[in-house]
2 protein chains.
Amino acid sequence: MSRVLNNTCAVAEDKRLRVEKAASALGYVPNPNARSLLMKSTGGMGMLLPHVSGEFFSEFLTGADNVAKDNDFFLLISASHGKASEWRSSVQSVYRRVDGLIVMAPQVTPKRLNLSQDIPTVFVNTPVPERDRSGVDVIGFDNAGGTRQAVEYLLNLGHRRFCYVAGPEGAFDAAERAKGFREALDSAGIRDGVILAGGYNHEDGALAARKILEMDPRPTAVLAANDYCALGLLTELQGAGVDVPGEVSIIGFDNVPSAAFSAPGLTTLGVPIREIGEKAIERLLHRIRRPDDPVRLSVELPVNLVVRDTTAPVLRQQ
Amino acid sequence: MSRVLNNTCAVAEDKRLRVEKAASALGYVPNPNARSLLMKSTGGMGMLLPHVSGEFFSEFLTGADNVAKDNDFFLLISASHGKASEWRSSVQSVYRRVDGLIVMAPQVTPKRLNLSQDIPTVFVNTPVPERDRSGVDVIGFDNAGGTRQAVEYLLNLGHRRFCYVAGPEGAFDAAERAKGFREALDSAGIRDGVILAGGYNHEDGALAARKILEMDPRPTAVLAANDYCALGLLTELQGAGVDVPGEVSIIGFDNVPSAAFSAPGLTTLGVPIREIGEKAIERLLHRIRRPDDPVRLSVELPVNLVVRDTTAPVLRQQ
DNA sequence: ACGTCCGTTGAAAACGTTTTCAAGAAAGTA
DNA sequence: TACTTTCTTGAAAACGTTTTCAACGGACGT
């Protein structure tokens, strides 16, 4: 009897007791499929991500999970996505199983995902053209501005020979970060900034480090596409006897927890990714609870330079 | 018409075409709730975890997600669990929404979770008493043996003054690791091993490091409950001018990706956590596909010492 | 040409809930 | 006492699928 479980209308006290006793004796748990088939709500949030590995995503998940749990929502996660076709099948499999969707697809433009419009969706760190933002929320952060800021900081420290270790091919955020690097150098009138192929993992940084070691003259400032890349770079350079930050300054991107605990501590660009995870779920909750609210989010959060110990004035090398 | 979408029986070719065209024109996607209500299968795997933060869990998730995706299963994740009551409500909310369940509950014994027996369940790194293993699969790893192995390695390097930075209170795996430490010291006849309160995060290691710095005589070998703790310890000791491994050797636990990229590289105990994630999902898939197979898994995987550069012979200090 | 069998197809039952509908009982009012 | 209103409760409809059932038509064999 659904009335007693959900307190939906008045029931005689003796009957209520009998039903409750029977329910707990049988270990009765309502079937959520039947429930959400009828009620058209599932109590879940879907997260479509490119990966789940690394601290960037684990922080994002942690933020999302915290507020989801507080509101008794579960998280449905689908990851490991490179191609648009994989995205589409994931979208299908998630559709109608959740009440809201968070999509982080730095490699794919959302219209290729053919998402249905009838489910609240928040895009995070995903390239959404202005004309496609009508029905959806968009949370981004200033990738290009971050690198630009970092370059400017290094310029002020006297650096003139720059190198950028790029992120993965085809990823929108990586491209933006590289763009910020080029723009900042252009503004400063520096023409010989080097961009090296890289990626988002330690190994990519280590590989780039070996190329940097062979360069002559060697750059005095290296920016990496993210913290893991920077950390791999740092370790490899140190292993080759290079003094960081004495000879080379390094700046990462993301400010993952580990960045604070390298030796020396990594100077990096802080992205509030855990807070973004929280905010994204909160946003979905709002849209679920007030479906007729027409206002949509479209924010680009600032990225803050977190100065630690892998950056120093260039004076010593000149 | 379900017959054409699922190829369940012969249909005239012209009708099939017409149905398919109509379906794609309307953007028809079958409602998964209605589907699984009837078919009693959902195409999802549930993961009940204590957290999702940090590389340990992100590696575990990556492994699980890889094989789940290859088999077109989605992952339903419920985390942030401290208390048994939270676990129970999560179990309820996941029940019937997934075809299999992975439970990692180092803080709770499974019988307090009142899990239903009718869904395949794999316990990972969870204390399951022998008598409760009849219907479930259990994958563990040798926590005690790991620390024991590490202590023995350090003993061979000549270390005699040991310190252990413990994990979180109440966690089964942390207790096992501490037990291994005590046992190994007892076997060696060393009575003055120090156990410090700690935790699973960088900060816990850093805090413990400050206590170690005040100790006199200072230990020459420090084991940490996990890698993050060890890394926090390492950074803090280095910051205080302590030479690692010259003055103090450090060994972590888990072998998360970052452990390879500290400076110096962290000696640690390798837990194949990504493979465990894969194996757990594979196990569930097997049990879903062959429900009548009575054999149950009950394995304790070995933990391997991964020697890097935070450990050295004690000679110099004697 | 007639009977049988197989391939095809439409209708209906089932899955486990919630919600609606209507009926019945109890209580209050004239 | 009779009528109306409110409270309670059982039955039935609905949600969107899959599967089963039965019927229909055609093809094949005798």
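Just so we're on the same page: letters track the sequence lines, and every chain starts at 1. Computed from a predicted model, the values in this text were never measured in an experiment. FYI, side chains are in, hydrogens and waters are out, and symmetry mates aren't considered; it's all heavy atoms of this structure.
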Are any protein N/O atoms closer than 3.5 Å to N/O atoms in nucleotides 12-16 of chain D? If there are, list each pair with its distance.
| unit_1 | atom_1 | unit_2 | atom_2 | d |
| --- | --- | --- | --- | --- |
| dC15(D) | O3' | Lys40(A) | NZ | 3.4 |
| dG16(D) | OP1 | Lys40(A) | NZ | 3.4 |

Q) What integer distance in Å separates Met39(A):CE from dT18(C):C1'? A) 8 Å
Q. To the nearest 0.5 Å, what is the distance between CG (Leu113(A)) and CZ (Arg88(A))?
A. 7.5 Å
Q: Would you list the pairs meeting salt bridge (Lys or Arg N to Asp or Glu O under 4.0 Å) in which at least one residue belongs to residues 51-69 of chain B, sequence neighbours left out?
A: Glu86(A)-Lys69(B), Glu59(B)-Arg274(B)
Q: Can you pull out how bent the helix from dA1(C)-dT30(D) to dA30(C)-dT1(D) is, comparing the axes over its first five and last five pairs, to 10°?
A: 50°
(Q) Quick test of your reading: applying salt bridge (Lys or Arg N to Asp or Glu O under 4.0 Å), list the pairs with at least one residue in residues 115-142 of chain A, sequence neighbours left out, ordered by first then second residue. (A) Arg96(A)-Asp118(A), Asp137(A)-Arg283(A), Asp137(A)-Arg287(A)
(Q) Going by ring-ring contact (aromatic ring centres under 6.0 Å, His included), name the pairs with one or both residues in residues 90-130 of chain A, residues two or more places apart or in two chains. (A) none
**Q.** Sequence neighbours excluded, every pair satisfying side-chain hydrogen bond (donor to acceptor under 3.5 Å, both in side chains) that has a member inside residues 120-129 of chain B
**A.** Asn125(B)-Asp173(B)
Q | Sequence-distant partners of Ser78(B), side chain to side chain donor-acceptor pair (under 3.5 Å), two or more places apart | A | His81(B), Ser90(B)
**Q.** Partner set under side chain to side chain donor-acceptor pair (under 3.5 Å) for Asn31(A), not counting sequence neighbours
**A.** none
Q.
According to salt bridge (charged side-chain N to carboxylate O under 4.0 Å, His left out), who are the partners of Glu176(A), at least two apart in sequence or on a separate chain?
A. Lys179(A)
